[in-house]
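Structure first, commentary second.
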Amino acid sequence: MVAQLPYVTLQKVFARFAEAEPEPKGELEHLNAFTLLVAVALSAQATDVGVNKATRALFQIADTPEKMLALGEEALIDHIKTIGLFRNKAKNVIKLSRLLIDNFGGEVPSSRAALTSLPGVGRKTANVVLSMWFHHPAQAVDTHIFRVGNRTGICPGRDEITVERAIEDNVPVEYQRHAHHWLILHGRYICTARSPKCGICPIADWCLYPEKTA
DNA sequence: ATCCCGAGGG
DNA sequence: CCCTCTGGAT
């Protein structure tokens with residue numbers, strides 16, 4: 001088993017997160033459900049800053065599946081060239097736009113099965129759309145949350161699905177709605193992959209990391 | 001387990 | 001230079 005913080009401690013941890021940032025929001029720019037889905041798909045192994053820079057102009061001309069198809073793969077590549085994995089992503093976004101029109105009436109579907117049937121959309125991306133757009137109780141586990149969860153002991157797990165369950169089972173219910181963004185922002189700015197900023201960490205008092213490195 | 005794959009940080 | 005970034009498909 002991976003070391004996990006007790007429930008009473010998690011209450012204090014999340015109360016601290018809530019105190020510092022009462023309404024945490026994602027940092028991926030989008031205009032509607034379609035652009036959110038595309039933005040999240042593009043964000044794989046890329047920074048939100050880089051994705052936003054590319055999608056700003058893109059979404060102005062292509063904010064619907066129809067317009068994305070009209071734009072076409074080559075022109076789409078021109079827009080997202082600066083993002084890693086751009087060839088696969090461009091191909092996926094075009095196919096996905098086609099499928100939304102053919103199979104879902106041009107709308108972004110609201111079930112995990114339907115979402116993950118789309119190319120380039122896996123469990124993580126689906127969970128982000130489900131929770132952010134449809135307000136379903138889904139926990140998306142990205143690279144930050146996986147690292148933070150395991151390093152601190154807040155929501156540990158050998159794989160992403162185990163971490164998802166750790167959040168659902170152990171994070172106090174009243175905090176689950178914002179758990180995703182609290183953890184992600186914490187991982188992005190404080191509990192960074194390299195040289196975490198433990199000196200300014202608001203939850204350092206309860207973190208298991210010092211024990212692990214001792 | 002491996003490939004995809006550019007930009008930014010340290 | 002090496003590592004990391006809101007992963008997914010094979």
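If you're wondering where the values come from, they're calculated on a predicted model, not measured in any experiment. Throughout, protein chains are lettered first and strands after them, A, B, ... in sequence-line order, and every chain is numbered starting at 1.
By the 4.0 Å N-to-carboxylate-O rule, A/Lys91 lies close enough to A/Glu73 to be salt-bridged with it.
Contacts of A/Gly50 with the nucleic acid, taken as non-hydrogen atoms under 4.0 Å apart, are absent. Using a 4.0 Å heavy-atom criterion, one finds that A/Glu27 contacts the bases of the nucleic acid, with or without backbone contacts as well. Among the protein residues, A/Val121 comes within range of the sugar-phosphate backbone only, with heavy atoms under 4.0 Å from sugar or phosphate atoms but none that close to a base. At the heavy-atom level, A/Gly187 lies nowhere under 4.0 Å from the strands shown. Residue A/Leu183 is out of contact with every strand shown, counting any heavy-atom pair closer than 4.0 Å.
Distance alone, capped at 3.5 Å, is enough to place a donor-acceptor pair between the A/Thr64 side chain and the A/Lys67 backbone. Remark: side-chain polar atoms of A/Asp63 are not paired, donor with acceptor, to backbone N or O of A/Phe59 under 3.5 angstrom.
Heavy-atom nearest nucleotides on DNA chain C were determined for A/Asn92 and for A/Ser43, and the one closer to the 5' end corresponds to A/Ser43. Checking A/Asp48 against A/Pro119, the closest nucleotide of DNA chain C that is more toward the 5' end is the one next to A/Asp48.
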Q: Determine, for nucleotides 2-10 of chain B in 5'-to-3' order, which nucleotides have protein heavy atoms under 4.0 Å from the base (write B), from only the sugar-phosphate (write S), or from neither (write -).
A: --BBBSSB-
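Ring pair A/His186/A/Phe17 is perpendicular by interplanar angle, where above 60° counts as perpendicular and below 30° as parallel.
Comparing the same atom, P, in C/dG8 and in B/dA7 gives a spacing of 23 Å after rounding to whole Å. Separation of the P atoms belonging to B/dC3 and C/dT6 is 24 Å when rounded to the nearest angstrom.
For the salt bridge (charged side-chain N to carboxylate O under 4.0 Å, His left out) condition, the pairs that include at least one residue of residues 27-44 of chain A, sequence neighbours left out, are A/Glu27-A/Arg188, A/Glu29-A/Arg56. Residue pairs meeting the side chain to side chain donor-acceptor pair (under 3.5 Å) criterion with at least one member in residues 132-144 of chain A, sequence neighbours excluded: A/His144-A/Arg147.
Partners of A/His79 by ring pair (Phe, Tyr, Trp, His ring centres under 6.0 Å), not counting sequence neighbours: none found. Every residue was checked against the ring pair (Phe, Tyr, Trp, His ring centres under 6.0 Å) condition with A/His180, not counting sequence neighbours, and none meets it.
The line from CE of A/Met68 to OG1 of A/Thr35 is 8.5 Å long, rounded to the nearest 0.5 Å.
Protein chain A contacts DNA chain C from C/dC3 to C/dA9, reading 5' to 3' and using non-hydrogen atoms of the protein with a distance under 4.0 Å.
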